[in-house]
Student: 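Got a structure here, written out as structure tokens. Questions coming.
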Amino acid sequence: MKHFTLPGTSIDASNVILGLMRILDLDDEAIRTLVATARDAGIDFFDHADVYGGDHACERRFGDAVTFSSSEREKVYLQSKVGIRDGFWDFSKEHILESVDASLKALRTEYLDVLLLHRPDTLMEPEEIAAAFTTLHDAGKVRHFGVSNQTPGQTELLRRSVEQPLIANQVQLSITHANLLAQGIAANMNGLDQSIDRDNGILEYARLNDITLQAWSPFQKGFFDGVFLGDRENYAELNDAIDEIAAAHGVTPTAIAVAWITRHPANMQVVLGTTNPQRVKDASAGSDLPLTRPEWYRLFTAAGHVLP
Ligand SMILES: NC(=O)c1ccc[n+]([C@@H]2O[C@H](COP(=O)([O-])OP(=O)(O)OC[C@H]3O[C@@H](n4cnc5c(N)ncnc54)[C@H](OP(=O)(O)O)[C@@H]3O)[C@@H](O)[C@H]2O)c1
């Protein structure tokens with residue numbers, strides 16, 4: 001498992017993260033097995049959100065099932081998010097503070113290693129967010145801060161007020177949902193939908209500013225509409241390419257889907273959402289698997305993206 005120091009922190013993190021959005025219906029033993037499998041594979045970074053399962057429910061399932069001794073707690077990194085509420089988004093100081101307290105209680109931990117602002121609340125007041133972050137940081141409740149699904153402009157607006165570095169941006173990225181990379185590859189092309197810049201250059205902004213991109217839904221076709229792996233009806237060419245490249249490297253297709261992201265020199269982390277321990281193992285084999293340029297671009301075009 002590849003580890004690297006997240007810029008702006010002293011966190012030496014695995015480049016594969018276990019996301020816990022889907023654990024609501026797992027029993028304690030299944031959660032422990034999932035987490036232990038991840039730890040055995042070298043994963044030390046765990047992604048939560050207040051909203052997963054509704055009202056901190058997935059965080060609570062994790063906290064109820066998994067106990068870290070204080071020495072173990074220092075070897076793992078717990079990240080959570082705040083901002084999505086029932087029918088509206090909320091980056092108010094009051095909500096950030098109360099939500100973090102509820103996350104700490106649910107996770108049974110004294111601090112979060114990273115707190116992300118989940119989706120951009122257009123009603124945000126950057127000074128309020130800055131005050132909330134400083135309160136949380138000074139109280140030892142949150143070590144580092146970041147954003148999720150946010151453009152360079154939104155991040156810059158926050159950076160003008162927030163004292164701490166914004167160290168991560170968690171964004172949707174898979175071989176098939178790849179605007180983030182595909183738009184730049186097709187830059188400067190009239191009449192080609194792929195060349196439309198939909199996020200104002202999140203990729204380059206992150207690289208220029210030492211913000212680690214965390215890729216969520218690495219196996220999903222689009223926005224929560226199922227996995228592309230094995231979907232031969234819609235992605236026959238892609239699955240052929242994945243299967244051949246997987247066989248050439250002696251890994252599973254799951255590892256190739258991960259490697260397509262970890263191969264990128266932006267040093268991204270991949271946020272797995274599987275609840276299946278075998279898939280966690282399979283995915284981990286993609287942590288440090290350097291696809292060749294021809295392999296990487298073959299997967300890109302087989303997914304339907306264009307090289308103009
Ligand atoms: N920041 C954000 O806005 C945001 C949004 C969404 C998610 N996230 C984070 O990202 C994590 C990952 O998101 P995700 O769960 O959507 O990503 P994902 O890992 O792409 O999808 C996981 C889902 O796909 C299924 N799956 C995976 N591989 C499969 C295969 N080969 N065949 C059949 N089914 C397969 C899993 O089922 P099994 O469990 O049975 O394997 C699970 O239901 C979440 O846990 C969360 O931490 C962040």
Side-chain angles (χ1 to χ4, degrees), residues 14 16-27 30-31 33-35 37-38 43 45-53 56-59 61-62 77-85 89 103 107 112 114-121 146-151 154-155 168-178 180 199 202 211-235 238-239 242-243 246 251-258 260-262 268-286 303:
S14 52
V16 178
I17 294 175
L18 184 68
L20 286 310
M21 182 182 71
R22 298 179 188 267
I23 62 166
L24 186 63
D25 297 327
L26 299 190
D27 64 28
I31 295 173
T33 303
L34 183 68
V35 171
T37 306
I43 295 173
F45 204 102
F46 298 91
D47 182 65
H48 297 272
D50 52 3
V51 72
Y52 295 161
H56 301 272
C58 287
E59 290 179 328
R61 291 295 307 114
F62 185 90
Y77 303 107
L78 300 183
Q79 171 173 275
S80 193
K81 311 184 200 79
V82 60
I84 297 182
R85 299 188 71 178
W89 294 347
S103 290
L107 291 166
L112 294 176
V114 185
L115 176 71
L116 304 181
L117 296 171
H118 207 154
R119 276 193 183 272
D121 170 17
V147 297
S148 175
N149 306 305
Q150 302 201 31
T151 65
Q154 291 163 335
T155 312
N169 190 4
Q170 192 174 107
V171 288
Q172 185 172 7
L173 177 65
S174 70
I175 306 177
T176 53
H177 185 285
L180 193 88
D199 63 28
I202 285 178
I211 293 173
T212 299
L213 293 174
Q214 300 178 340
W216 59 267
S217 285
F219 308 122
Q220 297 287 315
K221 290 179 261 194
F223 187 55
F224 299 140
D225 53 2
V227 294
F228 56 80
L229 293 170
D231 177 1
R232 298 202 152 269
E233 201 181 319
N234 297 299
Y235 291 102
L238 175 61
N239 276 286
I242 289 174
D243 289 352
V251 297
T252 62
T254 302
I256 297 301
V258 169
W260 189 80
I261 299 168
T262 59
M268 301 180 198
Q269 292 177 293
V270 178
V271 194
L272 308 177
T274 182
T275 55
N276 176 319
Q278 185 58 47
R279 284 197 186 117
V280 171
K281 273 190 213 165
D282 293 346
S284 299

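In each ligand, atom 1 is the first atom listed, and ligand 1 is the first ligand listed. Basis for what follows: all heavy atoms, side chains included, without hydrogens, waters or symmetry-related copies. In this chain, numbering begins with 1 at the start of the sequence shown.
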Student: What protein heavy atom sits nearest atom 15 (O) of ligand 1, and how far away is it?
Tutor: R22 NE, 2.6 Å
Student: If you take all heavy atoms of A49 and S80, which pair is closest and at what distance?
Tutor: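 Between these two residues, the closest heavy atoms are CA-OG, 3.5 Å.
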Student: One thing to verify: whether D243 and R232 come together as a salt bridge, which I'm taking to mean a side-chain N less than 4.0 angstrom from a carboxylate O.
Tutor: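 Salt bridge flag = yes for D243 with R232.
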Student: Write out the residue and atom name of the closest protein heavy atom to atom 26 (N) of ligand 1, then the distance separating them to 0.1 Å.
Tutor: V227 CG1, 3.4 Å
Student: Taking the side chain as everything from C-beta on, heavy atoms only, tell me whether F45 gets closer than 4.5 Å to L18.
Tutor: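 No. Closest side-chain heavy atoms not under 4.5 Å.
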Student: Of all the non-hydrogen atoms in the protein, which one sits nearest to atom 20 (O) of ligand 1, and at what distance?
Tutor: F219 N, 2.7 Å
Student: Please check if the side chain of R119 supplies one atom and the backbone of N149 the other of a donor-acceptor pair under 3.5 Å.
Tutor: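 Between the backbone of N149 and the side chain of R119 there is no qualifying donor-acceptor contact (under 3.5 Å).
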Student: What is the minimum heavy-atom distance between F219 and S174, and which atoms define it?
Tutor: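 Between these two residues, the closest heavy atoms are N-CB, 4.4 Å.
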Student: Indicate yes or no: does an N/O atom of T254 lie under 3.5 Å from an N/O atom of ligand 1?
Tutor: no
Student: Considering non-hydrogen atoms of the protein only, which is the closest contact for atom 10 (O) of ligand 1, and what is the distance?
Tutor: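 So the nearest neighbour among protein heavy atoms is W216 CB, 3.3 Å.
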Student: Determine the minimum heavy-atom distance between P277 and L34, stating which atoms define it.
Tutor: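 Looking at all heavy atoms of both residues, the shortest contact is N-CD1, 4.2 Å.
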Student: Quick one: nearest non-hydrogen protein atom to atom 16 (O) of ligand 1, plus distance?
Tutor: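 Result for atom 16 (O) of ligand 1: S217 OG, 2.6 Å.
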Student: When rounded to the nearest 0.5 angstrom, what is the spacing between OG in S103 and CG in D50?
Tutor: 5.5 Å
Student: Report, in ascending order of atom number, the atoms of ligand 1 lying under 4.0 Å from any heavy atom of G19.
Tutor: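 It comes down to these atoms of ligand 1: 45 (O), 47 (O).
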Student: Measure the shortest side-chain to side-chain distance between Q154 and P120 over non-hydrogen atoms and say whether it is less than 4.5 angstrom.
Tutor: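 Yes, their side chains come closer than 4.5 Å.
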Student: For F224, is at least one N or O under 3.5 Å away from an N or O on ligand 1?
Tutor: no
Student: Should you measure from each heavy atom of D47, which atoms of ligand 1 turn up under 4.0 Å away?
Tutor: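 Answer, ordered by atom number: 9 (C), 46 (C), 47 (O).
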Student: Any sub-3.5 Å donor-acceptor pair from N169's side-chain atoms to I202's backbone N or O?
Tutor: no
Student: Are any of the heavy atoms in S148 under 4.0 Å away from ligand 1?
Tutor: yes
Student: Does a salt bridge link K221 with D231, judged by any charged N lying under 4.0 Å from a carboxylate O?
Tutor: yes
Student: Give me the nearest non-hydrogen protein atom to atom 8 (N) of ligand 1 as residue plus atom name, then the distance to 0.1 Å.
Tutor: Y52 OH, 3.2 Å
Student: I need the nearest protein heavy-atom contact for atom 21 (O) of ligand 1: residue, atom name and distance, please.
Tutor: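 That would be Q220 NE2, 2.9 Å.
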Student: What are the atoms of ligand 1, with element, lying closer than 4.0 Å to any heavy atom of L20?
Tutor: 45 (O), 47 (O)
Student: Taking N or O atoms only and a 3.5 Å limit, does M21 qualify as a polar contact for ligand 1?
Tutor: yes
Student: If you measure only the distance, is there a donor-acceptor pair under 3.5 Å linking the side chains of Q170 and D47?
Tutor: yes
Student: Number the atoms of ligand 1 from 1 as they appear, then name those within less than 4.0 Å of a heavy atom of Q170, with their elements.
Tutor: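 The list of qualifying atoms is 1 (N), 2 (C), 4 (C), 8 (N), 9 (C), 48 (C).
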Student: Report yes or no: do Q172 and Q220 form a side-chain donor-acceptor pair below 3.5 Å?
Tutor: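 There is no such pair between these side chains.
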Student: Which residue and atom name correspond to the protein heavy atom nearest atom 31 (N) of ligand 1, and how close is it?
Tutor: R279 NE, 3.4 Å
Student: I want to know if ligand 1 touches K81 in the polar sense, i.e. an N/O pair below 3.5 angstrom.
Tutor: no
Student: Within the 4.0 Å heavy-atom shell around L272, which atoms of ligand 1 are there?
Tutor: 11 (C), 12 (C), 19 (O), 45 (O)
Student: Please indicate whether any nitrogen or oxygen in G273 is less than 3.5 Å from any nitrogen or oxygen in ligand 1.
Tutor: yes
Student: With a 4.0 Å cut-off on heavy atoms, does H118 reach ligand 1?
Tutor: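 A heavy atom of H118 does come that close to ligand 1.
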